[in-house]
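Inspection log for the structure reproduced underneath, given as structure tokens.
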Number of protein chains: 2
Amino acid sequence: MIMFDNASSTSVKRSEGQRPLVDNSRTATARAHSNIAFVKYWGNCDHRLRLPANSSISMNLSALHTTTTVDWNGRLDADQLTINGIAAGEGALGRARDHLDALRRRFGVNAFASVTSRNNFPMGTGIASSASAFAALTAAAAAAARFELPEREMSALARLGSGSAARSVPAGYVEWHAGSSHETSFAESFAPPQHWNLVDVIAIVSREHKQVGSSAGHETAASSALQPARVASAPARCDAVKSAILRRDFDHFASVVEEDSNLMHAVMMTSQPPLFYWDPLSLVIMKAVRRWRQQEGIPVCYTLDAGPNVHCICLASEADAVSGRLLALSEGIDVMQSGVGAGACVLPPV
Amino acid sequence: MIMFDNASSTSVKRSEGQRPLVDNSRTATARAHSNIAFVKYWGNCDHRLRLPANSSISMNLSALHTTTTVDWNGRLDADQLTINGIAAGEGALGRARDHLDALRRRFGVNAFASVTSRNNFPMGTGIASSASAFAALTAAAAAAARFELPEREMSALARLGSGSAARSVPAGYVEWHAGSSHETSFAESFAPPQHWNLVDVIAIVSREHKQVGSSAGHETAASSALQPARVASAPARCDAVKSAILRRDFDHFASVVEEDSNLMHAVMMTSQPPLFYWDPLSLVIMKAVRRWRQQEGIPVCYTLDAGPNVHCICLASEADAVSGRLLALSEGIDVMQSGVGAGACVLPPV
């Protein structure tokens, strides 16, 4: 097996600023944060390339990250994957292998990889890790291959592993442009983390594993009669949320964020088969959050991904009060807090 | 004031089979049943005429009825309305008065009415009474004026008071044709009550009065980006549900009924302002019903109107078992059962 043939490959196109492999080091570690979408990604135009049906908007979550080490290692006869200290099962390994194949093609690497990944947040909280996982994997794999990619290409490559991973590559407040090809479907930052001090108070209502994962869910989106209308109106919501964030206009932000979450779940519930990600407690929290904002003037709004946990987005000054109110709603609720996170980055060698 | 001028009026058009007033009797009593929609009515093309955005399908509920006596009485100087023995407040009285005005115009009656109405089901259960109320009022008012209307015109007239009242006029399994004018928007039976022995086991989860009534809710429907897609796909669901009822095909019936309910609530949740009629217990019941059908093969499905109560439609043979399961789900749940009901009818004088 020829290892690290990228230096001699002629079939691999390189952007400016990329360097061929010049030393024997083949290991690197990168970190990427989870993100929460304010305008959601749900459904693809192209499942293989994960080209989304609509552009989306998110913020990275500083408190939730994945740290991944990639070792391109010519002595291996297969890819290896360890998550939180445990050898991954065939499902996770197969998905990582597919992504590593894409990265090998792009980087001109001809070796298997040993991948070690660790989330700083507990597994089984229903908090999605695929965004931070594939962003960190892509960044670590590139660094290990000594490839310096422009951020937008790193974002597009991460997208191939998990759509929302594209948004975990740039820092802070991020827009993922739907695009129409691999190259044009990438995320970029439109405001840095310090622009606006929002906090995501995550109400964890169920530690059960999702019945239908996001990847399978995306494929059902087109079966809802409502998906075309959600997609058609998404650009206006992207503009509205972006503008509200740039102006730090919480009220406007809140109404569009909740509307967008309701729209995505409306599509989910009317798909074939219908997907009900809400737990009864999710509904209790959604109604309470709305009441707190509309009747008591507390700057907080809700959004839910493909799971029952409720992300309560609020001004940082209100985060502790919101956490206390959530805990008081029911014994079945736990909370985690996160501020606005940085982009994917390579960590210095230990 | 000239009373009962319909005999001499030339401005009132009459259908064949109608007779002018020939005696002095001016009182009549009629009964109409509530109905549950399988393909829902939500949103109007014309609010004043209550021309619906889409055709709908329902069955009448034998156990839930309103009995109404109308006395066209020349000695009155205003309309009077008593509901369940209590003089109605201005809201209900105003709405009845508007409807009586329309009936006076149609029947050529020039007197005020004393209206006495009684529901056989408890008020404040969240079970809508406007359908049975306006169907019974229309039938009693016509009979008191000695007008014999073709059923489809009675249905169209009842529609002016409350859209879904159109469906409580014909018997059994009913289709309300959306139509494009007052005359063409009426309901008719497509199968008699005895065609299929379905039972509605109503899970009552909240006795609170609705925050937003149906009439106000219909006006918000157009503010949802999803309403056009729901409306556009409604004719196919009407055909599917009708065909499933005619074939007594419960599985097909169940999947379309649940889909249609989810579609209406998807529109409600994404309106401006969003309307969340579901209670957390509603969600518990919806998920349980789906599980009972899909995992245990019990012929039962759910549908929800503009309120939190869950109508669990099942074969009559399963009604007691379904009731028992619902009661076992939570102490907060009460149940009522109803079979398939007759149409609106005039009761003999006592």
Side-chain angles (χ1 to χ4, degrees), chain A residues 54 205-206 211 222-237 254-291 293-295 301-302 304 308 310 329-330 332-333, chain B residues 54 205-206 211 222-237 254-291 293-295 301-302 304 308 310 329-330 332-333:
Chain A
N54 60 282
V205 301
S206 168
Q211 295 185 329
S223 71
S224 166
L226 308 181
Q227 168 77 342
R230 189 195 69 83
V231 168
S233 55
R237 286 190 302 284
S255 69
V256 184
V257 168
E258 290 187 354
E259 182 191 7
D260 191 83
S261 176
N262 294 345
L263 281 164
M264 180 176 75
H265 287 271
V267 167
M268 291 165 162
M269 288 175 203
T270 55
S271 296
Q272 308 287 351
L275 300 175
F276 276 79
Y277 285 107
W278 293 350
D279 187 270
L281 262 184
S282 314
L283 200 54
V284 169
I285 297 169
M286 291 161 71
K287 291 188 177 198
V289 164
R290 209 171 159 75
R291 205 165 58 232
R293 183 172 80 254
Q294 296 192 327
Q295 295 177 15
C301 65
Y302 67 75
L304 290 88
V310 185
L329 275 181
S330 162
I333 298 175
Chain B
N54 60 281
V205 302
S206 167
Q211 295 186 329
S223 70
S224 167
L226 308 182
Q227 169 75 344
R230 189 194 70 83
V231 169
S233 55
R237 286 190 302 282
S255 70
V256 184
V257 168
E258 291 188 353
E259 181 191 9
D260 191 82
S261 176
N262 295 343
L263 281 164
M264 181 176 74
H265 287 271
V267 167
M268 291 166 161
M269 287 174 205
T270 55
S271 296
Q272 309 288 348
L275 300 174
F276 276 79
Y277 286 107
W278 293 349
D279 186 270
L281 261 185
S282 315
L283 201 53
V284 169
I285 297 168
M286 291 159 72
K287 291 188 178 199
V289 164
R290 209 172 158 76
R291 205 167 53 234
R293 184 173 78 255
Q294 296 191 328
Q295 293 177 15
C301 65
Y302 67 77
L304 290 88
V310 185
L329 274 181
S330 162
I333 299 174

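Letters go in sequence order (proteins before strands), and every chain restarts at 1.
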Residue part contacting chain A, namely of B:D260, when any heavy atom lies under 4.5 Å
neither
Side-chain heavy atoms of B:P273 within contact of A:Q294, under 4.5 Å
no
Best-contacting candidate, A:R290, A:R230, A:H265, against chain B by heavy atom pairs under 4.5 angstrom:
A:R290
For B:T270, the option from A:N262, A:L226, A:V267 that meets side chain to side chain contact (heavy atoms under 4.5 Å, CB included)
A:N262
Non-hydrogen atoms of B:A266 and A:A266 that approach each other most closely:
CB-CB, 3.4 Å
So which part of B:E258 gets closer than 4.5 Å to some heavy atom of chain A, the side chain, the backbone, both or neither?
neither
Do you know which two heavy atoms are closest between A:L283 and B:F276, and how far apart they sit?
CD1-CD2, 3.9 Å
Once rounded to the nearest 0.5 Å, what's the spacing between atom CE of B:M269 and atom CE of A:M269?
4.0 Å
